[in-house]
Amino acid sequence: MKISNVLKPENIILDVTATTKAELIDELSQKLNDNGYLSDIEQFKKDIWAREEQVPTEVGFGIAIPHAKSTGVQSPAIIMGRSLSGIEYSTESCNLFFMIAVDQSSSSEHLQTLSKISTFLMDELFRAKLILARDQEEIVRLFEQAEDQDAQALHSPKKHAGKKVVGVTGCPTGIAHTFMAAEALKNAAKELGVHIKVQTNGSTGVGNQLTPEDIAEADGIIVAADVKVDMDVFGDRPVIKTSVKNGVHHAQELIEDAIAGKGVVLNQGNSNLKEAKEKTRLKQPKIYSHIMNGVSFMIPFVVAGGILIALSFMFGIHAADPNSLDYNAFAAFLSTAGGSAAFALMVPVLAGYIAYSIADRPGLAPGMIGGMLATIGGSGFLGGMLAGFIAGYTIIALKKLVKGIPDSLQSLSPVLILPLVGSFITALIMYFVINSPMAWINESLQGWLNGLTGSNAILLGALLAGMMASDMGGPINKTASAFGLAMFANQIFEPSAALMVGGMVPPLGIALATTLFKNKFSIEERNAGKAAYIMGASFITEAAIPFAANDPLRVIPSNIVGAAIGGGMSMALGISLQAPHGGIFVIPIAASNPLLYIVCILVGSIITACMIGLLKKPVYQPKSNSSDPSDKKALTTMKSA
């Protein structure tokens with residue numbers, strides 16, 4: 001279907017009178033209604049606003065595309081509005097507006113034609129010509145010329161000739177962005193000489209559905225969608241998974257990455273997932289993998305115990321002590337549940353699940369017994385880690401030895417022989433060999449940390465917080481966390497405070513930057529920044545990863561500097577935190593000075609935000625490669641508009 005079938009001169013307003021988003025939607029809707037395209041204008045506007053509440057329909061470049069599939073539409077149409085002075089739409093000022101009205105019975109052909117208009121708007125020079133157009137007929141001609149040029153593109157030798165790529169696109173409403181991303185991928189594939197098939201998960205259902213043969217023959221797979229997509233169909237094939245907006249703006253890069261095999265396995269529903277996870281696990285150092293397994297099971301005990309003890313302090317610092325005048329029975333219960341129970345299990349659980357990671361179920365009992373001996377003998381967290389490895393590898397050795405025993409005794413091996421002999425050997429080594437030297441190391445480390453004052457404490461806090469912010473959940477982050485947990489197990493709570501600052505500052509700083517420096521972020525990033533406020537406050541550092549991945553050279557140093565300053569302040573002020581996880585939810589009850597602690601987090605976040613704002617470049621910077629003076633004039637005029 002030709003674009004001129006849906007974009008009529010009478011549906012183009014060269015100079016809208018509206019000055020606000022609400023007025024604009026009213027003006028464009030009224031024009032459609034006056035021209036006979038709407039059967040119920042109020043229903044149509046209601047549906048338009050419902051779409052805006054999901055995600056604002058700005059697409060960048062000073063363009064907004066409000067759209068809806070509505071029962072209030074009589075026949076499909078598109079209306080264009082232009083404002084040279086600009087209208088503040090949602091998060092930026094826009095000059096060009098294209099309202100798409102689609103009725104319930106519209107075919108996918110209608111939707112694709114309407115969306116094809118949107119793809120032409122990605123061209124900067126084309127937008128400039130729309131700004132300069134003198135009348136409605138010229139605007140229609142510009143779209144027709146663009147469509148003709150697209151159809152008559154010359155076929156020349158291409159970079160990736162012969163390669164095949166498949167893709168899936170989908171947006172929440174399945175109208176504009178779904179087909180914009182699909183069209184952008186097709187255009188980029190044409191430029192690269194790549195054969196592509198794109199499945200569109202649109203409002204009328206799945207279009208151009210991929211077959212198993214399509215997927216099997218593809219050299220790369222792209223999923224550019226903001227809606228749920230069935231990943232099982234891709235099996236163990238690597239997939240480039242991104243947003244539909246990136247499909248529109250970075251199509252060529254996505255295709256090249258897909259062909260280069262940069263995707264990851266994303267399916268969640270078949271046996272290939274276990275195999276893929278196992279491959280990923282085997283790429284990590286085995287010791288690291290085993291330790292992280294133990295730590296992951298230990299953390300709930302740390303959090304529960306810390307919060308219970310912190311709650312007991314609400315009744316008074318000495319309220320759990322029977323010999324104190326402030327004694328309170330409920331405070332004593334909380335302290336016992338948190339300290340004598342939860343904290344006492346931390347090291348045994350750590351050791352047990354390290355051994356479990358190494359030797360499976362037979363290693364659990366020897367590991368926990370060894371961990372309990374580490375607690376009793378004073379070797380603590382470090383001793384518990386060693387106990388886990390000793391128990392695990394002891395069981396591995398014993399499994400090889402018991403292979404030769406009679407079949408009648410094999411059934412006793414996992415429930416009697418391995419746990420009993422493994423526990424005996426682990427306990428023997430822990431009791432007579434490990435505990436004494438490890439207890440000395442533990443006490444020396446504890447004494448050193450207790451003696452840290454002034455600049456030494458600041459440096460330690462800055463180092464721990466900076467490590468937390470450096471790779472946001474990666475090995476460096478986990479190393480710092482392990483150190484903090486070791487100190488936590490020894491009742492030293494100041495490092496935990498610095499570490500949580502380091503984990504909260506990156507997402508909070510980035511979120512603040514998206515608010516203060518809007519022109520440095522895309523609309524999608526600004527929307528993600530809103531979620532980063534909540535995730536950062538909840539101590540979910542991973543919220544910062546997408547931003548760091550998009551611009552690592554600017555974002556990561558900013559994260560580290562802000563976190564290091566906040567962590568250094570926390571240690572300098574002697575703030576302790578008796579719950580190493582939980583973010584804003586535990587600060588009021590677990591931090592020794594909640595207000596000052598929040599100040600440390602805010603200072604670090606503000607520094608990170610300011611650094612990002614200073615270092616990052618604006619998202620949209622028009623660049624002209626044209627040598628045509630009239631084209632340059634068009635670009636200059638568009639910038640001034």
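Below, all heavy atoms of this structure are taken into account, side chains as well, without hydrogens, waters or symmetry copies.
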When rounded to the nearest 0.5 angstrom, what is the spacing between OG in Ser93 and CD1 in Ile87?
8.0 Å
Distance check, rounded to the nearest 0.5 Å: Lys186 atom NZ versus Lys197 atom NZ?
11.0 Å
Does the side chain of Gln43 pick up a donor-acceptor pair with the side chain of Asp47 at under 3.5 Å?
yes
Listing, residues 594-606 side-chain donor-acceptor contacts under 3.5 Å, not counting sequence neighbours, or none:
| residue | atom | partner | partner atom | Å |
| --- | --- | --- | --- | --- |
| Tyr597 | OH | Ala497 | O | 2.6 |
| Ser605 | OG | Ile601 | O | 2.8 |

Is the backbone N or O of Thr19 less than 3.5 Å from a side-chain atom of Glu23, with the two atoms forming a donor-acceptor pair by type?
yes
Student check: side-chain heavy atoms of His250 and Thr242 closer than 4.5 Å
no
If every non-hydrogen atom of Ala101 is compared with every non-hydrogen atom of Leu32, which pair is closest and at what distance?
CB-CD1, 4.0 Å
Indicate whether any N or O donor in one side chain lies under 3.5 Å from an N or O acceptor in the other, for Thr20 and Glu88.
no
Below 4.5 Å, heavy atoms only, C-beta onward: do Leu512 and Tyr533 meet side chain to side chain?
yes
Can you find a pair of side-chain heavy atoms, one from Leu24 and one from Lys21, that are under 4.5 Å apart?
no
Do Phe234 and Val168 make a side-chain contact, defined as non-hydrogen atoms from C-beta onward lying under 4.5 Å apart?
yes
Measure the shortest side-chain to side-chain distance between Gln199 and Val166 over non-hydrogen atoms and say whether it is less than 4.5 angstrom.
no
How many angstroms lie between atom CG of Asn208 and atom CD1 of Ile196, to the nearest 0.5 angstrom?
10.0 Å
Are Phe521 and Ile612 close enough that some pair of their side-chain heavy atoms sits under 4.5 Å apart?
yes
Counting C-beta onward and ignoring hydrogens, is there a side-chain heavy-atom pair between Met500 and Ile587 closer than 4.5 Å?
yes
Determine whether the side chains of Glu525 and Thr514 contain a donor N or O and an acceptor N or O closer than 3.5 Å.
no
Looking at side-chain heavy atoms only, is the closest gap between Met99 and Ile25 below 4.5 Å?
yes
CG on Leu508 to OG on Ser538, rounded to 0.5 Å:
9.0 Å
